[in-house]
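Only heavy atoms go into these numbers, but all of them, side chains included; no hydrogens, no water, no symmetry mates. Note that ligands are numbered from 1 as they come in the structure, with each ligand's atoms numbered from 1 the same way. Computed from a predicted model, the values in this text were never measured in an experiment.
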Amino acid sequence: MRAFSSFILLASIVPTVLSVKTQDFKTCSQAGFCRRGRALATRASESATSWKSPYSIDPNTVFIAPNQASFTASVKSSLYPAISFGLDVRVHDDGVVRVRMDEVNGLGKRYDEAASWALIAEPKISSSIQWKVGKKDVRAIYGKGVEVVIEFEPLKVTLLKNGQEEIVLNGRGLLHMEHFRKKEEPKLAVEAEVPEEGLNADDAQKVVKLENPRAWFEGESEDAYWEESFSSWTDTKPKGPQSLFIDVTFPNHGHVYGIPQHASTLDLRTTTGEDPYYSDPYRLYNADTFEYLADSTMSLYGSIPLMHAHSTDSTVGVFNAIGSETWVDISHPTPKSTETYWISESGILDIFLMPGPTPKDVFAQYSSLTGTQALPADWAIGYHQCRWNYISSEDIRTVQKKFDEADMPVDVFWLDIEYAEDHKYFIWDKKNFPDPVDMINDVQDTSRKMVIIIDPHLKRVSSYPVYQEAVERNVLVKQKDGTSEYEGWCWSGSSAWVDFFNPASWDWWKTLFKTHSLGDGKFSWVESTENVYIWNDMNEPAIFNGPEISMPRDNIHYGGWEHRDVHNINGMLFSNLTSQAVMERSTPYKRPFVLTRSFYAGSQRFGAMWTGDNLGTWEHMAVGIKMVLANSIAGFAFSGSDVGGFFGNPEPEMLVRWYHVGAFSPFFRAHAHIDTKRREPFLLDEPYKSIVKDILRLRYSMLPIWYTAFRESSVTGLPVVRPHYVVFPKDEGGFSIDDQFFVGGSGILVKPVTEKGVTEASVYIPEDEVYYDYFSQHAYRSAAKGKNITVPAALHQLPLLIRGGSILPTRERPRRSSTLMKQDPFTLRVALDKTGFNARGELYLDDGTTYSHQEGQFVWKEFKSEKQSKNVIKISSHDLGSEKPTEAVDGVALTTYDGGNAFAKSISSVRVEKLVVLGVASKPKGVKLGGKELEWEYTPGVGAQESKKEGIASVLVIKDPKVAITTDWEISIQL
Ligand SMILES: *[C@@H]1O[C@H](CO)[C@@H](O)[C@H](O)[C@H]1NC(C)=O
Ligand SMILES: *[C@@H]1O[C@H](CO)[C@@H](O)[C@H](O)[C@H]1NC(C)=O
């Protein structure tokens, strides 16, 4: 949750207008370095052909390491011959190219640790690269026609594939690394701008150029080099200018995606060039942008500087490992090419070029750098009920009871900040929560969990042990003098912030979450249990009286780094340490659940995110889907937006539609502002209440599909929800679609309705295949080039389709929570493809809470339908990856296992209770399992193979075949 306006509200002033205070946040023209960056690009485009980057490689310094591992060289700018930069280019084992450049022996040191927080390990450098040093360039050819070329003058780095340019760095000559310099004494004003007698305007300009020969590149004036103000705040910039600009061009890719988080389309829009859609670049500066706009390039709470560039024949990626504020301009000089320009406040150049060539490859390449989505506990993908605030233990008990009375499943109840006395997190407000452990245990007794908020601001009172211990350890963020504790205002009033960049804070932070006493007067959370999981909010950090509601950029972190250097990384360290704390408090370790608002590249390793303080409007509902997709392709798969919208009172129709959106988000939570009316789903009137109950049950029935998708994501880096271009990379018709998407590799295609008064919806089908309505079993047809179909979408309906050729495992017994479903039987929906025979699907199961799956304790089945002979369909189940059990690699899940493991045995009585086969061509003559006739029922309808026919598909229900989910079996359908 959160918002400054609500802070004011606590002082009992009711906010009147619901819209972001745009004046609280900078535009590019209000940020000195962004102004400089854009001005440089403008000068370049105005001088067009005569523009040349001043940066070049000194050929005498080219050095290839003896093992051919990397290429290094010295780089100079012709404008500042005395300043040196070091360039380092290396190719990783998987073909990713890393390009680094830093100032060498300068007056200061640039921040060079961003990648060390984002990366899971130092990448392995390929040993099979052969660098060829020429007179004008150095090049290496590797892999399948991939080549990297580093040109000397001007400096330019190009990744090519089969001779075609894929990614070009500094192709437009905008690279600029502002070196450290001394502030010069102010000069007497030069009046050269006034043309002297006998000088025409051109001559006068030449005079100016003589005065400042670098003006063509750096501009006439030192714009905000040494200090700048915004609103009432002054940033002192003791280190002077140190920004970094780099142009990244994709000459053969017309679409770019990524760089979350923005409330915008998935396919990124133009911000420059002719007729740009947005006037400001996409901004990456983690901020508490409460009540944000639903269509804007403004910064939001998290930043992942990862971009995909896509065309029908190739996908490539760029990861720019930078932790400071960054703005990204985008334009399309032609519909099939893209220019991007990254303007950062500080840091070194550290860019990873991912050669693809498919989206799947880029996901693998990016996750080998920053890791995959952590596999969540199974209950964490159930439904979460939150509100600011459940006001007492009794409130929690009552809400839980109401869910049970309404027969609505829910897994988690949440507590926002009001549980904590004076907002001192960990410390219960005993007036309203007199019996916290009893309350937690009451929730646990119904097989549910609690999530409780822990924010990073610590109330500065000596009676608060957490603050006191932080002071004693000297682990709080410092003011610009580097020694005094920084004090700001947040929920807890006068507050201080733990500096998680300080290693001394790490082990200490973990001790706070222990549920037993540590003795020696040390604080630990004895008034909690292992059934409590954590919500990290406000970790941008949000500071009510700080510039842009955050921390002053000249504050000092561990190692003397300024806050500006690490700002976007800050929130990730908080959720990293909290997630380790939650995991390590149990023996053996249990999977943690930590929700974070702020995030950076790599945050996917530590839990889930949500899209922050959205509004209860249709626009926000719609953009939430796009934001989840953008996060998903940037590695953060476990994401969602608040169901219902944080602010406002959504009407019942909107709330119902929002439950559809939530039920098809990886993270599914309803939340509401303290000012809103209560809106738990059991409070709805009919028919809304029953519709929402059905939606919740639908989510629960599909949990095996979601869990299987999460597991795949945790192994391969592929997202849990997938936009069209990821699934159908060659289908141009899908490249800009971001209002419908696929769930994992399951074949589920969903398009939640996000408009009022809708009764039907248009869904884009990308291929010549049969798609079945999940509920009505209606078979729809498309065309080879894709087609829009119209499906019913009244309030009780959801456009939810099964791609022909899929097999979906579901659990259809309604239960109160996911934990109670573990021994429930499965239904298999077999949606035959247009051949009338084929389909496949997967199911992954493990104990859902521990790490025993990393030791091979899991079940992973493949279901297959195929043509056995002309008149026989064979449906079978067998183990995937059970051939040869191997060791887990780097803690990443095993992909092979022993089918007879203890977990598999623990669910050996779980059976398949039903198969529903869609599109069987004709009434079967018989359905058999190992020679034994099974009980079945056939409802005639359209066959999958009837390529021109639409209508309700034929449905064959095979009743209780009495097969266990863990065993292998074969069922034959005789036509
Ligand atoms: C963050 O998490 C990773 C594991 O993904 C760990 O190796 C690293 O040390 C952590 N960072 C900190 C600051 O503890
Ligand atoms: C499908 O509908 C969308 C939105 O109206 C449209 O832009 C697109 O061109 C249509 N596609 C086809 C193949 O008709």
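Under the 4.0 Å distance rule, the nearest protein heavy atom to atom 3 (C) of ligand 2 falls inside the cut-off. For atom 11 (N) of ligand 2, a protein non-hydrogen atom is found at a distance below 4.0 Å. At a distance under 4.0 Å, no protein heavy atom can be found next to atom 7 (O) of ligand 1.
Remark: ligand 1 atoms within the under-4.0 Å shell around heavy atoms of F606 are 1 (C), 2 (O), 5 (O). Heavy-atom contacts of W117 reach the following atoms of ligand 1: 13 (C) (cutoff under 4.0 Å). In summary, the atoms of ligand 2 found under 4.0 Å from a heavy atom of G786, numbered by their order in the structure, are 13 (C). Residue L577 has at least one heavy-atom neighbour below 4.0 Å for each of these atoms of ligand 1: 12 (C), 13 (C), 14 (O). Interface atoms of ligand 1 facing R605, defined by a heavy-atom separation under 4.0 Å, are 5 (O).
Here the protein heavy atom with the shortest distance to atom 9 (O) of ligand 1 is Q580 NE2, 4.7 Å. Protein heavy atom in closest approach to atom 14 (O) of ligand 2: N788 ND2, 3.2 Å.
Ion pairing between a basic and an acidic side chain is recognised when a charged N comes within 4.0 Å of a carboxylate O; E584 and K510 show such pairing. Ion pairing of R98 with E122 is present here, as a side-chain N (NZ or NE/NH1/NH2) and a carboxylate O approach within less than 4.0 Å. A salt bridge does not link R553 to E562: none of the charged nitrogens lies less than 4.0 Å from a carboxylate oxygen.
Considering backbone and side-chain N/O atoms, N576 comes within less than 3.5 Å of an N/O atom of ligand 1. Any N or O atom pair closer than 3.5 Å counts here, and W506 shares no such pair with ligand 1.
Here the side chains of I569 and N286 are not in contact, with every heavy-atom distance at 4.5 Å or above.
At least one donor-acceptor pair under 3.5 Å links the side chain of E769 to the backbone N or O of K834.
A distance of 7.0 Å separates CG of D295 from OG1 of T265, quoted to the nearest 0.5 Å.
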Could you tabulate the donor-acceptor pairs under 3.5 Å formed by side-chain atoms of residues 733-743, not counting sequence neighbours?
{"unit_1": "S736", "atom_1": "OG", "unit_2": "D267", "atom_2": "OD2", "d": "2.6"}
{"unit_1": "D738", "atom_1": "OD1", "unit_2": "K626", "atom_2": "NZ", "d": "2.9"}
{"unit_1": "D738", "atom_1": "OD2", "unit_2": "L266", "atom_2": "N", "d": "2.8"}
{"unit_1": "Q740", "atom_1": "OE1", "unit_2": "Y764", "atom_2": "N", "d": "3.0"}
{"unit_1": "Q740", "atom_1": "NE2", "unit_2": "H724", "atom_2": "NE2", "d": "2.7"}
{"unit_1": "Q740", "atom_1": "NE2", "unit_2": "Y764", "atom_2": "O", "d": "2.8"}

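Heavy atoms of other residues, nucleotides or ligands lying less than 6.0 angstrom from OH of Y558 number 12 at most.
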